[in-house]
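This report concerns only the one structure given below.
To find a chain, count down the sequence lines: A is the first, B the second, and so on, and within it residues start at 1.
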Amino acid sequence: MSNSSDAVIRISNMNKWYGQFHVLKDINLNVRKGEKIVICGPSGSGKSTMIRCINRLEEFQQGALQVNGIEMIDDIKNIEAIRKDVGMVFQHFNLFPHLTILENLTLGQVWVQKKPKAEAEALAMKYLERVKIANQANKYPGQLSGGQQQRVAIARSLCMAPQIMLFDEPTSALDPEMVKEVLDVMVELAEEGMTMLCVTHEMGFAKKVADRVIFMDAGEIVEENTPDEFFGNPQTDRLQLFLSQVLEH
Amino acid sequence: MTANSVPSKIFTPKAARPAPVKTTGAVAWMRQNLFNGWFNTILTLAIVVGVGSVLPAMLDWVFLSASFSGAAQADCTGTGACWVFINAWSQQLFYGTYPAEEIWRINICVVLMAGVLSAPVWLPHHLRNRVDIALLLLFPLVAVVIMDGRLLGLQYVSTDHWGGFTFNVMLAAVSMILGMPLGFLWALGRRSTSMPMIRSICVVLIEFFRGVPILALFFMGSVMLPLFFPEGTTVDKLLRVWIVLVLFMAGYMAEVYRGGFQAIPKGQYEAADSLGLSYWQTTLLVILPQVIKVSMPNILATAVMLFKNTTFLLIIGVPEVLNTAQSALNNSAWLGGYASEAYLFVGFVFWCCCFGMSMVSNHIERKLDTTRR
Ligand SMILES: Nc1ncnc2c1ncn2[C@@H]1O[C@H](COP(=O)(O)OP(=O)(O)OP(=O)(O)O)[C@@H](O)[C@H]1O
Ligand SMILES: [Mg+2]
């Protein structure tokens, strides 16, 4: 466990209920700067809910969460400050369909960061080049393939200069041949030292970049370990069962 | 390929099939669309007979035996329609009793209106949002100033003389322009979960203005509303019906937007939130454009309804086009019963406008469609 003082995300005893349903049970997790964490687990185990709590797309009822030293409380100032530091990439891309790719990337910069438009566009083009899609800048999201859209979504998040990136199954809505182009971008990002929390079932990606892999089941963190130990020497029956099911595919 | 590997089979030609029924051209089209099955055949024949028995007489009345030229009742010599009547009264039908030498002001307003309403089509993409909104909100003010004339040092024309078809058009346009944003605010209020008070107020407003017939609203506007104003203030009757129209429009638009809001996936809000956009930024920059886009057909339908409903103002004595037509019909120089001509003409003019609106909105829809490759 990394309880060191340089944690950028501290989750302690976090609990969340949907009505009677206990989705998150006593979650404890510290993430160090630059650490890459992969979260996996069966469907409905609360993976999305947990990472969505980190940028307040979901609220939790008990426990505490700190991002970059900022306490997650109801105060809109804190929420805004945390969202500034945290970028998120979704399963279904969630690009804005009425804006061009370039406008998707500049919207946040211009309205949230109050940057001049030219500066925002320059940065947007820089990131579009990095995700190898600069030639599509003036198209609309509906005109791009799924893999291209997801790369745009990653670039859109990066434009906001986040310190932490959250990924919620970024490749599971993609056709198999497009998964690699998105994973390549994510690997590159990991190599540059971005702090990443990634919900994914791409085990190859986990082995390659993760510092820690976390297994969630029924709202609990059941097991966490280095990728080698996690895949090579699973401790709990639940994880063994899960891995055998995932690896069958 | 398999034929080569089975040489034992002997080729025996089949008898030629009959030539296929022609699948293109007029005959084929009629066969496919008008005579496919006994039911459609009967329907088609019935319609042909029905139209055939009415159309010749109608064409005869409208065109062949109609009188077109002239200026007075005496010129109506034909046995058909007397279009001379429309001719003679055309200025009143279009401009009401606005002074003839000042009619250019109305024309300017109409041209301005056409320009402003079509702005989304001709404005360059990067200017569209800001300039368009500014133009739209400025137009009602500018139109009123031009029509009234006092501020510009022109001849003052009181609202009693604003009338005719152009008045219907502008009243509808101006009510649309103000009713659309107001309706959006009401729809937002109705969606609000954190402010129950505002939510209830919006629900009541929307349901009231959608639930009460527009005629009743007009009567309330012209008769009841003055009771609520402080003693001694007189609020122009036109202003009162205008307010009614705006609120009526807002009620309907709020409902249209509600459907639009439901079509926006949750992910759009989440993406906007995760970028750090505020509530109003998300609403105006991300959600509103998409709501308008999906609601476009319904917005147009509501606009057409509002436009046609302006003729109800006849009942409370506002000199809109039908009212003007009725005074023309009652004019002592034209007591011959030209009601058919008058109403057919008014109907035709309305139809032309509504059809034009459909065309424009189709164009806008195609332009807004960002999924095309
Ligand atoms: N808004 C909601 N109301 C009630 N229950 C919900 C809501 N959202 C999620 N849940 C429930 O919470 C549980 C956890 O959901 P979550 O989306 O976090 O699972 P997940 O681990 O991400 O699953 P998946 O792999 O399918 O994405 C599920 O059982 C789900 O049914
Ligand atoms: Mg999920």
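In this structure, A:Phe93 and A:Asn104 have side chains that are not in contact, with every pair of non-hydrogen atoms separated by 4.5 Å or more. Looking at heavy atoms from C-beta onward, A:Leu57 lies in side-chain contact with A:Met88 at the 4.5 angstrom threshold. Between A:Ile79 and A:Asn55 there is no side-chain heavy-atom pair separated by less than 4.5 Å.
When heavy atoms are compared at a cutoff of 4.5 Å, A:Phe90 approaches chain B solely by way of its side chain, counted from C-beta outward. When heavy atoms are compared at a cutoff of 4.5 Å, A:Arg56 does not approach chain B at all. Heavy-atom distances place no part of A:Ile82 under 4.5 Å from chain B, backbone and side chain included. With a 4.5 angstrom heavy-atom cutoff, A:Gln109 does not touch chain B via any of its atoms. Heavy atoms closer than 4.5 Å to chain A are found in the side chain of B:Gln281, but not in its backbone.
Taking the six-membered ring for Trp and the full ring otherwise, B:Phe261 and B:Tyr257 have centroids separated by 6.0 Å or more.
A salt bridge is defined here as a Lys NZ or Arg NE, NH1 or NH2 lying under 4.0 Å from an Asp or Glu carboxylate O, and A:Arg52 with B:Glu270 meets this definition.
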